[in-house]
Amino acid sequence: MDVQPDRHRSFPDGRLWFACLCLLAGVLLMPVRLCAQENYEIRKIKFSGNKTLSSSALLDHMGFQPSNIIQRKLLKKDPSLYSGELMKVDLERLTRFYQSQGFLHADVVLDSLVVDPKKQTVGIYIAVTENEPVKVDSVAINITDSMENVPRKDRFYRYMYKRLELKRGSRFVDDALYGDMKQMNTIFSNYSYVYSETSFKLGLVPEQNRVNIDYELVPGRICHFGETSISGNTYVKEKYIRKQLNYKAGDTYNLKLVDDTRQQLYDLQLFRVVSILSQTNRTTQSDPIPMRIQIEELPRWMSKFGVGWGTEDHFRAFADVTYRGVFGGTSRLNLYAKHSALEPYNLSLSWIEPQFFAQKLSLTVNPYIRREREPAYDVQRFGLNVPFGYAFGKHIKTSLAYYVERVKQFNAQQESRESGYFDPFSKEFLYNKSGLSASFSYSTAEPSVSPVQGTTITVGGKLNGYIFGGDFNYSKFWVDARKYMQVKRLVIAGRAMIGGIHSSDDHGFIPMEERFYSGGSDSNRGWARSTLGPELTIEEDGVSKVIPAGGKSVLELNLELRHPLVWRIELAAFLDVGNVWKNSFDYRFDQISYTAGGGLRVNTPIGPVRLDIGYPFAGPGQRQVQAFLSVGQAF
């Protein structure tokens, strides 16, 4: 019997053929797909699992950087292009960075790539497994030689331990180890041991993620200051520079005295660069140690000009001219002129002596004339202000000033007419003021233009009239406290301000320009400038008009959150609370106004350009959205 071959078994099924072809194509095309993202523009880099180190810190240690529309279109910055080999290098960099931060067993891998073939862009997603960090189990300091210049060894040891960054229980960080060694050598330099040497031994227990640190310090010999040479000065005479020295030849060496001298020279505001070099020689360990001061002076003539526009002061322009080294000394002259809608003219001349009979005592003589056109008043002030300033240290400063002032109030209001000093045949209200003003300030906030951390506390007061003369007798006090904290990239800023005025006159009148006002771009941003609080109805050209009256008591609380958005743009959200009351030291919390809002900041070299929009959602008065455009942070 003939048997016909079974064709269905001799040839594969059509679907099987198709699967085989797809598998073959996949194998052939796999290298193409893996390389498809080569030289693609990197638009995004995202991290996951990085619980301890921020994404921005990790990005700082990568060669790849994501690009955004501002960098591409406005700054014309070339974007990073993806490369598989460079990706391996970046992953190795991140791993080493984690290890330097104490995470010896950290694992950094490329999690995925999101490729857009049409736009030829790629997004990089990196997964981090930090694992347990290495922590310090013990710290020992062994000083090999005796220290003649340290009377209390126990106190010295406690002081040194307190200054260390790596303590028992802290995460081990490479930079902190070398920073602590530098700190210990600095401490020894403050005790005249310039040639001290510090070494360390690490006892690592990897299975427990623990490390023991043993420092060995060799103090060396006691050193002294030698002669000081000065170079770089042209218009400031050398004798005035030498007056700033906190040491003299033959004194035992102390690095703190060198730092204090450098700071005092900077405080003169005459020098751009101050370099004080100790001419040490570790090979010969020479003593005494010659000192060399190299300075670079600021320009003798310096001028600044600027124009701008804001919602409150509208067009503004200013000129600031300074002449340094008057008669070859340390004093300087400053001329300041400004124009805006709020100050039609402001002309101020200041002679400043930064060291008036003492290194930390300054004197300023400041005659001025200015016109102030505020929502509540319109005055011209002509006067003289003579403040004495004293710096107790880097963070604490005080000021005591005598002032005398002649004030002309235009379009005098009803309150002014009733004070007894108004001329019924004139629209002008003339009066004199004279007295003392004082302030105390403590500040650790930095940077100064737009702080992100630290504290600022200012206490101020003014005593007008009484034994100093003048037409009104009153006292004025206020306290302004500010706190700045940074949590990763978020800045939390808070402010509290309280003030009060007391008049001992029978009529109780306080000049309009001396009263407290609230509302505006730097105050409660749910209200126009100075409009929060008491009001006054006046007659102007036969028409009744309501204007701010100000008050003798003020309370303001502000909270603001600031977070970077893109490029130099920050996003902000704020809550402003407060009010002004007519009577002295009379704070009525049931009349508090609450404002919520948000805004944008664009950081510039002169400070952030700020747009704020606020809405008063609770409290007295009408509720209306307010918008402000200004320069500088609100606080």
Side-chain angles (χ1 to χ4, degrees), residues 310-313 342 374-376 445 449-458 460 478-487 490-500 515-535 547-563 565 570-582 585-602 607-635:
T311 53
E312 293 180 327
D313 49 7
L342 296 176
E374 293 282 349
V449 174
S450 183
V452 298
Q453 60 182 3
T455 302
T456 297
I457 300 174
T458 303
W478 66 91
V479 179
D480 189 312
R482 307 177 184 196
K483 178 68 177 178
Y484 307 92
M485 296 185 298
Q486 188 167 20
V487 182
L490 176 69
V491 176
I492 304 173
R495 170 181 175 263
M497 186 268 193
I498 189 171
R515 302 179 190 183
F516 291 113
Y517 298 90
S518 187
S521 62
D522 298 332
S523 180
N524 192 315
R525 285 162 281 187
W527 295 78
R529 184 180 179 90
S530 304
T531 57
L532 177 58
E535 295 177 336
I547 65 170
K552 300 177 183 178
S553 302
V554 64
L555 175 65
E556 291 183 341
L557 303 172
N558 308 86
L559 177 65
E560 186 166 288
L561 307 180
R562 306 165 186 164
H563 194 281
L565 198 58
E570 286 184 344
L571 186 66
F574 59 83
L575 175 67
D576 296 336
V577 179
N579 207 341
V580 173
W581 293 272
K582 182 178 180 179
F585 302 99
D586 181 22
Y587 309 98
R588 303 189 179 186
F589 296 98
D590 59 335
Q591 298 177 359
I592 293 289
S593 174
Y594 298 83
T595 294
L600 294 174
R601 286 94 175 89
V602 180
V609 177
R610 175 165 53 96
L611 172 64
D612 285 329
I613 298 176
Y615 178 74
F617 63 91
Q622 61 180 1
R623 299 178 186 178
Q624 185 176 352
V625 174
Q626 298 290 332
F628 301 97
L629 179 64
S630 55
V631 176
Q633 297 287 12
F635 55 92

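Every value quoted in this text rests on a predicted model; they were computed, and no experiment measured them.
- Ala376 and Tyr517 get closest at one heavy-atom pair: CB-CE2, 3.4 Å.
- Atom CG of Leu571 sits about 6.0 Å away from atom CG of Leu600, to the nearest 0.5 Å.
- Closest approach of Asp480 and Arg495 over heavy atoms only: OD2-NE, 3.2 Å.
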Expected list for residues 625-635: side-chain donor-acceptor pairs under 3.5 angstrom, two or more places apart:
{"residue": "Ser630", "atom": "OG", "partner": "Arg610", "partner atom": "NH2", "Å": "3.1"}
{"residue": "Gln633", "atom": "NE2", "partner": "Ser450", "partner atom": "OG", "Å": "3.0"}

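- Taking OG1 from Thr595 and CG from Asn524, the interatomic distance works out to 3.5 Å, rounded to the nearest 0.5 Å.
- Residues Ile547 and Pro375 share a closest heavy-atom pair of CB-O, 3.9 Å.
- No hydrogens or angles considered: nothing links the side chains of Ser553 and Asp586 as a donor-acceptor pair under 3.5 Å.
- Residues forming a side-chain contact (heavy atoms from CB on, under 4.5 Å) with Val449 (at least two apart in sequence, or on another chain): Pro608.
- Applying the salt bridge (charged side-chain N to carboxylate O under 4.0 Å, His left out) test to every pair with at least one member in residues 621-632, sequence neighbours left out, gives no pairs at all.
- Aromatic ring pairs are classed by plane angle as parallel below 30°, tilted from 30° to 60° and perpendicular above 60°; the pair Tyr594 and Phe617 is tilted.
- Leu342 meets the side-chain contact (heavy atoms from CB on, under 4.5 Å) test with Glu312, Asp313, Ser340, Glu374, Arg529; sequence neighbours excluded.
- For Val487, the side-chain contact (heavy atoms from CB on, under 4.5 Å) test picks out Ile492, with sequence neighbours left out.
- Checked against side-chain contact (heavy atoms from CB on, under 4.5 Å), Ser523 has the following partners two or more places apart in sequence or in another chain: Ser518, Glu556.
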